Amino acid sequence: MNQVATPKFGIGAPVRRKEDAAFISGKGRYTDDLKVAGAAHAVVLRSPLAFAKFTLEGVDEARAMDGVQLILTAADIEGTNSIPCKAVLRQLDGTKHWVPHREVLCSETARFVGDALAFVVADTVEQARAAMEAIEVDYEDVDPAIGTEAALEDGAPLVWPEHGSNEAFHIGMGNKEAMEEAFQNAHHVTKIKVINNRLVSNAIEPRACIGEFDGESGRYTLTTGTQGGHGMRDLIAKNILNVDPKDIRVVTPDVGGGFGTKMFTYLEYPLCLIAAKRLGHPVKWLQERTEHFMSDAHGRDNVSTAELALDETGKMIGLKVHVLANMGAYLHEFGPGIPQIGITMTPGLYDIPATWVEATGVYTNTVPVDAFRGAGRPEALYLMERLADKAAHEMGMDPAEFRRQSFIPDAALPYTTAFGRMYDTGSFGTHLTKALDEIHYSTFAEREAESKAKGLYRGVGLSTYVEACAFAGGEEAKLELNTNGSVTLLIGTQSNGQGHATAYGQVIAEHLGLQLDQVEMVQGDTDRVATGGGTGGSRSIPIGMPSVKAASETLVKKIKEIASEKLEVGVGDLTLEDGQVRVVGTDQQVSLVDVAGSQPDTLSAAEKVMQDECTYPNGTHVCEVEIDPETGKTDVVSYVIVDDFGVTVNPMLLAGQVHGGAGQAISQALCENTVYDETGQLLSASFMDYHVARADDLPNFDFSTSNVPSTTNAMGIKGAGEAGSIGAAPAVMNAVQYALRKNAGVEHIDMPATPVAVWSAIQDAQN
């Protein structure tokens, strides 16, 4: 049998991550690893109450304490005291919604536990903390609004009394009249209400930042872990400090995880810059883990109701959805845009003729909510897939076949949904069939009987998903040929652990005839990299790679033109191999070192390939669980994923991204629970109280692909970084629901299905 050799580099090569040698040997350089001479240390005074009027006392006395260099309050930063919301929506009534003024430091009112009241800078962290604790705060406690649904009830406390309501916005999309007609003609209607629990993202590296100011140039430098510094630079410059963006440099060293949370501009960043300018030397702030729980944007937190209209055969003919999206106390940077994105993806892979989806944003006295891995798409698909499973059960149909008959058929692609999403390619039934075969779906009853014999409930659940990612746009890639024959890539995406240096490098190395270690990547420096869209929405590889490939081809062309003159041969006779430009079929060659050295300026090539439409990865997750009814503990015993990611750049990196996303979603489904009490105290503000899935909570994933190249992406790539987080939670919860309904008569359970929640559901159903 003939075998095709695996390429060493290039598209499709399973290249191991070049970044890992530094990371696993402790040589990574994160923000806190950077020791800046003369840096002072900062801490933030935060409100211990969810809703309170306050006055600060004893600030001058605290300023006089040993080592204290500066204390900033709202009065000290007038004119630079506003953090904007960048996602302002058009509502159903045609108006744009009201946006509350969010202060960098609260002047009179704190609106959640963790809201910032003062910024204290001292010689040491210990001295700064002592001064912070010496500040006396006189609080006038106000009843808070807690709970997404409760905040909208009559008589609920108002987070923003001047707004007159805890409704932040009301948006909708679809054809309401067609939806109502479909429900009037329906043979059966399935209804469901689900909670998408609030999450805290918990990257391995908490946030930190270093602010510097150069008095001679008048320029600021902010060093911090980001998902892209250019947008952050512009927001701080234009909206907070009121300076020209060219006067701020944002530097991002290694980043220990982002997940959306490190995309945003937090108050500590401009405060460190303000303090550095006033003091004349650098200021460093390092976050503690509990601070992260109390102050960084949370994710998810939806309460959703949905109805599905079916005809006699079980075909989906109508869909009606209303989402209540908890926004927290303020509208965070992209917060309102998250449920809006979710609305557009609610129908999933299904051809539903009549759909109507509404979303209402809700103010509560809690940490603001914004994008977390998947950003609206996991919330939408979770609702749809829980609804689909319930509908199949009520119709007495197999869940897989129920889905299959409502799939958008292959022949209908490209298919434009009721919400304007254009699914370009795919074969949805194909990956469903493959996933069912891989998990041996047809013989599930045998395994179910084996579990029952052990006193365990066994359940099987599946989800089929599609997501919109790698949104329209482009990312410039610039390549420079160095005098030692190596190549440097400058690009404005930002790695947070994804392996960009490897993925980009393998394509550059293939084109330039180099080894992977001869390709350097520069990200995370707004001075060195001219522009950048950062990393988010699974955009880096599908959006960045076409530009990297194009820049590689342009640089190769320039190199060959120079080499052809030196070697006195035609460009078509040349090839690049092992750092040499060789004449094909001869021993004539010239090195890249010689080519670079022969030019007065650095030989470079810059390209920006634009994309007009999203990519739409899709797939099937199938999960089997075992539940111990005596303890309520759920074990994921088998897990199959079949995805369509179009063209695969690096299968090893791809598998890592899928495993990570699925792991986070399983953690949401079974473990993670952000809990506020009725006074607005965050009861789950540490790893003692907030259970993130450990290794033994997660299964071995059986992952494969069933790829159909994208037609909207120049290289056929579909984004992959968030897909696992979209498909996994509904698959797990559908498996849990199957096991509990069949064995204990539990008709509904929400995330997280913790042992206590599962055990309690069993007891309630049996009593």
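Atoms considered below: every heavy atom in the structure, side chains included; atoms not considered: hydrogens, waters and symmetry mates. Just so it is clear, the structure is predicted and the values come from calculations on it, not from any experiment.
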Measure the acute angle between the ring planes of Phe293 and Tyr690, then classify it against the limits of 30° and 60° as parallel, tilted or perpendicular.
perpendicular
Considering all heavy atoms, the nearest [X]-[Y] contact:
{"X": "Gly499", "Y": "Leu653", "result": "O-CD1, 3.7 Å"}
{"X": "Ala757", "Y": "Pro752", "result": "CB-O, 3.8 Å"}
{"X": "Leu331", "Y": "Ala168", "result": "CD2-CB, 4.1 Å"}
{"X": "Ile666", "Y": "Ala728", "result": "CG1-CB, 4.3 Å"}
{"X": "Val159", "Y": "Ala329", "result": "CG1-O, 3.9 Å"}
{"X": "Ala275", "Y": "Val121", "result": "CB-CG2, 4.1 Å"}

So side chain to side chain donor-acceptor pair (under 3.5 Å) across residues 371-381, not counting sequence neighbours, yields Arg373-Gln664, Arg377-Glu467, Arg377-Glu722
Does any non-hydrogen side-chain atom of [Y] lie less than 4.5 Å from one of [X]?
{"X": "Tyr382", "Y": "Ser304", "result": "no"}
{"X": "Phe23", "Y": "Asp254", "result": "yes"}
{"X": "Ile135", "Y": "Ile71", "result": "yes"}
{"X": "His691", "Y": "Asp697", "result": "yes"}
{"X": "Glu205", "Y": "Thr31", "result": "yes"}
{"X": "Leu670", "Y": "Val636", "result": "yes"}
{"X": "Leu235", "Y": "Pro84", "result": "yes"}
{"X": "Ser686", "Y": "Arg289", "result": "no"}

Could you tell me whether a side-chain N or O of [X] sits under 3.5 Å from a main-chain N or O of [Y], the two making a donor and an acceptor?
{"X": "Thr674", "Y": "Arg198", "result": "yes"}
{"X": "Asn166", "Y": "Pro157", "result": "yes"}
{"X": "Asn197", "Y": "Gln668", "result": "yes"}
{"X": "Ser295", "Y": "Gly114", "result": "no"}
{"X": "Thr252", "Y": "Thr224", "result": "yes"}
{"X": "Gln69", "Y": "His41", "result": "no"}

Show me the pairs that pass salt bridge (Lys or Arg N to Asp or Glu O under 4.0 Å) and involve residues 623-637, at least two apart or across chains.
Arg447-Glu624, Lys454-Glu626, Arg458-Glu624, Arg458-Glu626, Lys633-Asp635
Which pairs with one or both residues in residues 663-686 pass salt bridge (Lys or Arg N to Asp or Glu O under 4.0 Å), sequence neighbours excluded?
none
Can a side-chain donor-acceptor contact be found between [Y] and [X] if the only test is distance below 3.5 angstrom?
{"X": "Thr226", "Y": "Lys262", "value": "no"}
{"X": "Thr493", "Y": "Gln523", "value": "yes"}
{"X": "Gln127", "Y": "Asp66", "value": "no"}

If you apply the rule side-chain contact (heavy atoms from CB on, under 4.5 Å), what do you find for Ser201 with His292, and how did you get there?
CA-CA 9 Å; Ser201 64; His292 167 70; 3.7 Å; yes
Could you pull out all donor-acceptor pairs under 3.5 Å where a side-chain atom in residues 141-148 meets a protein atom, sequence neighbours excluded?
from, atom 1, to, atom 2, distance (Å)
Thr148, OG1, Asp301, OD1, 3.4
Thr148, OG1, Asn326, ND2, 3.2

For [X], check side-chain contact (heavy atoms from CB on, under 4.5 Å) against everything at least two apart and list the hits.
{"X": "Trp160", "answer": "Trp98, Pro100, Arg111, Glu162, His163, Tyr330, Tyr363"}
{"X": "Glu288", "answer": "Arg129, Glu291"}
{"X": "Leu381", "answer": "Met345, Tyr465, Ile726"}
{"X": "Ala297", "answer": "Phe264, Tyr266, His332, Asp370"}

Between atom [atom1] of [X] and atom [atom2] of [Y], what is the distance when rounded to the nearest 0.5 Å?
{"X": "Phe112", "Y": "Thr366", "atom1": "CZ", "atom2": "OG1", "answer": "8.5 Å"}
{"X": "Asp32", "Y": "Arg29", "atom1": "CG", "atom2": "CZ", "answer": "10.0 Å"}
{"X": "Lys284", "Y": "Thr223", "atom1": "NZ", "atom2": "OG1", "answer": "10.0 Å"}
{"X": "Asn239", "Y": "Lys86", "atom1": "CG", "atom2": "NZ", "answer": "7.5 Å"}
{"X": "Leu324", "Y": "Asn196", "atom1": "CG", "atom2": "CG", "answer": "12.5 Å"}
{"X": "Leu267", "Y": "Glu103", "atom1": "CG", "atom2": "CD", "answer": "11.5 Å"}

Over 12 non-hydrogen atoms of neighbours within 6.0 angstrom of NZ in Lys35
yes
Please check if the number of heavy atoms outside Gln763 that lie under 6.0 Å from its CD is greater than 12.
yes
Looking at the rings of Phe372 and His298, which for Trp means the six-membered one, are their centres under 6.0 Å apart?
no
Can you list everything that forms a salt bridge (charged side-chain N to carboxylate O under 4.0 Å, His left out) with Asp296? Sequence neighbours excluded, please.
Arg207
For Asp123, salt bridge (charged side-chain N to carboxylate O under 4.0 Å, His left out) partners two or more places apart
none
Verify side-chain contact (heavy atoms from CB on, under 4.5 Å) between Val283 and Leu70, making sure each step is shown before the conclusion.
CA-CA 10 Å; Val283 175; Leu70 181 69; over 6 Å; no
Check side chain to side chain donor-acceptor pair (under 3.5 Å) between Asp764 and all other residues, then give those that pass, not counting sequence neighbours.
none
Evaluate the criterion side-chain contact (heavy atoms from CB on, under 4.5 Å) for residue pair Val736 and Ile627; output intermediate values, then yes/no.
CA-CA 8 Å; Val736 170; Ile627 297 173; 4.1 Å; yes
Can you check side-chain contact (heavy atoms from CB on, under 4.5 Å) on Arg386 and Gln737, steps first, answer last?
CA-CA 9 Å; Arg386 289 295 305 269; Gln737 183 68 72; 3.1 Å; yes
Cut-off 3.5 Å, no hydrogens considered: what does the side-chain donor-acceptor table look like for residues 333-342, sequence neighbours left out?
from, atom 1, to, atom 2, distance (Å)
Glu333, OE1, Thr265, N, 2.8

